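None of these values were measured; they are calculated from a predicted model.
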Amino acid sequence: MKQLRQDTEAIHALGISGVQARVIASGGRQSVATSGTADLNTGRPVRSDGYFRMASTSKTLVATVVLQLESEGELSLDDTVDHWLPGVVPGNGNDGSRISIRHLLQHTGGIRDDLPGYTTPQEYYQQRHVVHSPEQLVARAMAHAPAGFLPGKGWEYSNTGYVPLALIIEKVTGQAAHREIEDRILRPLGLDGTRWTGTSSTLPRPHAKVEPGDGAFDDPAVEAKAGAVRNAAAGDHRFDALGPD
């Protein structure tokens, strides 16, 4: 516990306004530490049970559903994007007939990111409440040539690559990806602190915020079917410890 507290304080000292960390040891023993403030206006301390956006951690939920569908025989990891989403990944050298589900899962498909609202802080504030559909986000990426390798022959992290995965889940099951995540993962594991809130501009209370007013410092501008998940710290760890084999 002492080391965890020191680590959160060290992160806070780097200029991070508030830090919340939880560690679950073997046997289930939990340690929680916080540092800094959850509100720059009032100096309110960070709570140990605060909500936050899972961001890219939600990719593990999407990937788990895809792997479950594969184990059920509903799809193959070697299926191409075009097999399920014909014409969604075309142009400028991007070729959905050569990119497989496995490539998307492993970030080896070569799809480049072009997420709106990330270039400058000013752009963020201008676009933070603009909602983009999954198809629009993929189309933005298709305006760029892929990474400099053939699918499966290199690696480059791709946020956009997980958007087609969510669309494939919907195509296979007839249900939105976040509904499949709820039915297959969140409810069975009792993760009632992990929830989908769509394009909401705030979080469930309690949560940290770094601007005046009631809003959390969120990013609804790029919320798509693969990522609009909020969590309390305990939820991630329960999924890691008890998730599907």
Side-chain angles (χ1 to χ4, degrees), residues 14 53-121 123-124 127 132-173 176-178 180-181 184-185 219-229 231 236 239-240 243-245:
L14 294 174
R53 290 183 182 266
M54 288 178 67
S56 285
T57 309
S58 63
K59 290 183 176 68
T60 62
L61 303 178
V62 173
T64 297
V65 172
V66 170
L67 293 175
Q68 288 179 338
L69 292 172
E70 191 274 340
S71 71
E72 295 163 8
E74 297 294 332
L75 56 78
S76 168
L77 298 187
D78 294 319
D79 287 345
T80 65
V81 176
D82 268 6
H83 175 79
W84 291 103
L85 306 172
V88 171
V89 180
N92 293 308
N94 298 284
D95 187 351
S97 69
R98 303 182 68 178
I99 300 173
S100 69
I101 292 175
R102 188 188 309 275
H103 295 148
L104 296 179
L105 288 170
Q106 297 179 339
H107 299 276
T108 60
I111 295 178
R112 288 282 173 82
D113 281 327
D114 183 6
L115 301 178
Y118 274 84
T119 304
T120 65
E123 183 181 279
Y124 172 84
Q127 300 187 26
H132 298 265
S133 71
E135 292 81 2
Q136 288 173 324
L137 293 178
V138 174
R140 290 177 65 103
M142 294 303 100
H144 303 274
F149 54 84
L150 294 174
K153 302 299 183 182
W155 187 92
E156 183 174 300
Y157 192 88
S158 175
N159 290 293
T160 306
Y162 265 66
V163 179
L165 287 173
L167 292 173
I168 289 171
I169 290 172
E170 183 171 344
K171 190 71 174 287
V172 172
T173 66
H178 71 273
E180 289 294 321
I181 289 170
R184 291 169 173 270
I185 301 173
D219 193 7
V222 295
E223 294 294 5
K225 297 190 179 185
V229 183
N231 193 29
D236 272 345
F239 170 67
D240 290 341
D245 293 337

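The distance from atom CG of Asp95 to atom CG of Asn92, rounded to the nearest 0.5 Å, is 12.0 Å. With values rounded to the nearest 0.5 angstrom, Ile169 atom CD1 is found 6.0 Å from Ile181 atom CD1. Of the inter-residue distances, the one linking Leu85 atom CG with Ile168 atom CD1 reads 4.5 Å to the nearest 0.5 angstrom. Distance CD1/Ile99 to CG/Asp79: 14.0 Å, rounded to 0.5 Å.
Within the 4.5 Å cutoff, side-chain heavy atoms of Leu150 are placed close to those of Arg98. Contact check for Asp113 versus Arg140: no side-chain heavy atoms found under the 4.5 Å cut-off. With a 4.5 Å cut-off on side-chain heavy atoms, Leu77 and Val66 count as touching. Side-chain atoms of Glu156 and Arg112, non-hydrogen and from C-beta on, do get closer than 4.5 Å to each other. Ser76 has its side chain out of reach of Ile101: every pair of non-hydrogen atoms, C-beta onward, lies at least 4.5 Å apart. The shortest distance between side-chain heavy atoms of Met142 and Val89 falls below 4.5 Å.
Between Trp155 and Thr108 the shortest heavy-atom distance is CD1-CG2, 3.9 Å. Minimum interatomic distance between Pro134 and Leu167 (heavy atoms only, all atoms of both residues): CB-CD2, 4.0 Å. For Tyr157 against Ser56, the heavy-atom pair with the smallest separation is OH-OG, 3.0 Å. Scanning both residues, Leu104 and Pro164, for their nearest heavy atoms gives CD1-CB, 3.9 Å. In terms of heavy-atom proximity, His132 sits nearest to Gln136 at CA-OE1, 3.3 Å. Between Tyr162 and Lys59, the closest heavy-atom pair is CE2-O, 3.4 Å.
Atom NZ of Lys171 sits in a crowded spot, with more than 12 heavy atoms from other residues, nucleotides or ligands closer than 6.0 Å.
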For Asp114 and Thr160, run side chain to side chain contact (heavy atoms under 4.5 Å, CB included): C-alpha distance rounded to whole Å, both residues' side-chain angles, the deciding distance at 0.1 Å, then the answer. CA-CA 8 Å; Asp114 183 6; Thr160 306; over 6 Å; no

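If you check the side chains of Ser100 and His103, you find a donor sitting under 3.5 Å from an acceptor.
At least one donor-acceptor pair closer than 3.5 Å links the side chain of Ser158 to the backbone N or O of Ile111.
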